[in-house]
Amino acid sequence: MKNDAFITIDNVSMWYPAKKGITLTSKEKQHVKAVDGVSFMMEKGEILGVIGESGCGKSTLGRILARLEEPTGGDIYIEGESTSSLIKKDPKAFRRLVQIVFQNPYDSFTPRDTIEKILTRPLNIHSIGKNMEERRKIILDALEAGGLHPAEEIARRYPHELSGGQLQRISILRAMLMEPKFVIADEPVSMLDVSVRAEIINMLLRLSKERDAAVIFISHDISLTRYISDKVAVMYLGRVVEYGEADEVINNPKHPYTQALISNCGSIDPDEVVDKIRVEGEPPTPINPGPGCYFAPRCFKASDECFKAYPATYDLGDGHKVACDKLF
């Protein structure tokens, strides 16, 4: 696939066969559509925030983009080359190119290894640094640059001897030691104390800018996503329902789901009065949803037409895209 974008996500889907224990009303094969036809493009150095309720498919999308799972449909391209072919051709080179930072820093490291050993391992695997002395210097310099002082003492410690914020810094540093061009950050600060979140986010922003890396920032925190992101994609039940420049999507949401999400997000302005939009009920089952708009059963603007076919995606200009027929 050829285009001018650095990264192209082209109609990516992840469908899991429904388990036998789930009651099925149809004889046809049933699937849990965790990610369902997601497409967008990114440039070098761009940060895309992906937001939505728990269970909307954000983390599954992240694992697909990192090729920790093989998508059941579509593909991801980096500078026009399929990542499926990249990883088959040279798995080690692909793992340097694409890195992922997970939500829970306590599950990211081997508890029996020191921080130095944990950070040395990927350098050894990818032959970064000429020898052990040079690799140790790379690690100590990275720890110091990441605000982990004194670096030599931190390097000697074990994961259980560090705080969650320190471990997440190290998790980001470990990813950035590979000098990746594409980073997926999956809820990287949601388990951390509010007091250290800004430091972690600023560190991620700085490293992304230094490396000119494209970043997918997955979060349920709309205010934080607005602060860190150039663009925002709003997901609902496996699909992107709204996409565009971060300020445009947050300040001028068009999809009823995005409007409801933002109306229930706390404002930094204590004097701002926002009418909260109530969304009744739970999301429908992700097992073969539809045929209409997936949000229709909960939508405050839904009409009979919304239940008949999934809406087209409309370009409102300047890259602002919305999957909703009620706009017209």
Side-chain angles (χ1 to χ4, degrees), residues 6-7 44-47 62-63 65-68 78-79 83 86-87 90-189 192 196 199-218 228:
F6 175 55
I7 293 170
K44 287 184 179 179
E46 183 176 286
I47 299 179
R63 292 196 300 272
L65 299 181
R67 285 286 172 179
L68 299 181
I78 299 179
E79 294 186 303
T83 55
L86 283 171
I87 199 168
D90 192 339
K92 283 175 64 176
F94 178 80
R95 293 303 171 200
R96 282 197 66 174
L97 184 66
V98 182
Q99 286 282 306
I100 185 167
V101 178
F102 293 103
Q103 176 181 14
N104 189 348
Y106 296 99
D107 290 342
S108 297
F109 303 109
T110 306
R112 292 186 294 272
D113 290 343
T114 63
I115 298 304
E116 182 174 352
K117 189 172 182 179
I118 286 167
L119 294 179
T120 300
R121 186 176 293 113
L123 297 183
N124 289 337
I125 291 171
H126 294 281
S127 302
I128 299 172
K130 296 177 183 178
N131 49 47
M132 290 303 296
E133 184 179 347
E134 186 172 321
R135 287 166 191 160
R136 189 167 192 273
K137 184 178 186 308
I138 290 171
I139 289 166
L140 295 178
D141 288 347
L143 290 172
E144 287 288 346
L148 294 155
H149 314 297
E152 290 199 10
E153 182 181 332
I154 296 292
R156 289 195 295 267
R157 292 185 182 180
Y158 291 86
H160 72 271
E161 297 177 305
L162 300 175
S163 68
Q166 289 173 315
L167 288 178
Q168 197 63 302
R169 282 173 182 261
I170 293 167
S171 183
I172 293 169
L173 286 173
R174 180 175 62 175
M176 290 302 185
L177 282 175
M178 301 297 100
E179 297 187 349
K181 293 300 181 182
F182 186 27
V183 178
I184 298 101
D186 185 5
E187 301 268 14
V189 296
L192 304 180
V196 300
E199 295 177 4
I200 302 297
I201 290 300
N202 287 331
M203 176 184 171
L204 181 62
L205 286 170
R206 176 176 58 80
L207 290 172
S208 170
K209 187 175 181 179
E210 288 174 358
R211 303 288 193 270
D212 202 22
V215 177
I216 297 278
F217 183 77
I218 297 170
I228 192 174

So how far is it from [X] [atom1] to [Y] [atom2], rounded to the nearest 0.5 Å?
| X | Y | atom1 | atom2 | value |
| --- | --- | --- | --- | --- |
| E116 | R136 | CD | CZ | 4.5 Å |
| F217 | I47 | CZ | CD1 | 9.0 Å |
| S208 | F182 | OG | CZ | 11.0 Å |
| R112 | K117 | CZ | NZ | 9.5 Å |
| Q103 | Q168 | CD | CD | 9.0 Å |
| R67 | L97 | CZ | CG | 12.5 Å |

Would you say the side chain of [Y] lies within less than 4.5 Å of the side chain of [X], judging by non-hydrogen atoms?
| X | Y | value |
| --- | --- | --- |
| I184 | V98 | yes |
| E161 | I115 | no |
| L148 | L173 | yes |
| E179 | I128 | no |
| R121 | D113 | yes |
| K209 | L205 | no |
| P122 | R174 | yes |

Does [Y] offer a backbone N or O that forms a donor-acceptor pair with the side chain of [X] under 3.5 Å?
| X | Y | value |
| --- | --- | --- |
| K44 | F6 | no |
| E144 | A151 | yes |
| E199 | V196 | no |
| E153 | P150 | no |

Which of L167, L162, V189, I170 passes side chain to side chain contact (heavy atoms under 4.5 Å, CB included) with P105? It is L167

Self-check item: Audit row: M178, L123, side-chain contact (heavy atoms from CB on, under 4.5 Å) steps and yes/no
Solution: CA-CA 8 Å; M178 301 297 100; L123 297 183; 4.1 Å; yes

Please name the pair of heavy atoms, one in [X] and one in [Y], separated by the smallest distance, quoted to 0.1 Å.
| X | Y | value |
| --- | --- | --- |
| A155 | L140 | CB-CD2, 4.1 Å |
| F102 | L68 | CZ-CD1, 3.7 Å |
| I118 | P159 | CD1-CG, 3.8 Å |
| V183 | A213 | CG2-CB, 4.4 Å |
| P188 | V101 | CB-CG1, 4.4 Å |

Q. Can you check side-chain contact (heavy atoms from CB on, under 4.5 Å) on I154 and Q166, steps first, answer last?
A. CA-CA 9 Å; I154 296 292; Q166 289 173 315; 4.1 Å; yes

| query | When you check the gap from the basic side-chain N to the acidic O, do K137 and E133 get nearer than 4.0 Å? | reply | no

With sequence neighbours left out, the residues meeting side-chain hydrogen bond (donor to acceptor under 3.5 Å, both in side chains) with R135 are N124

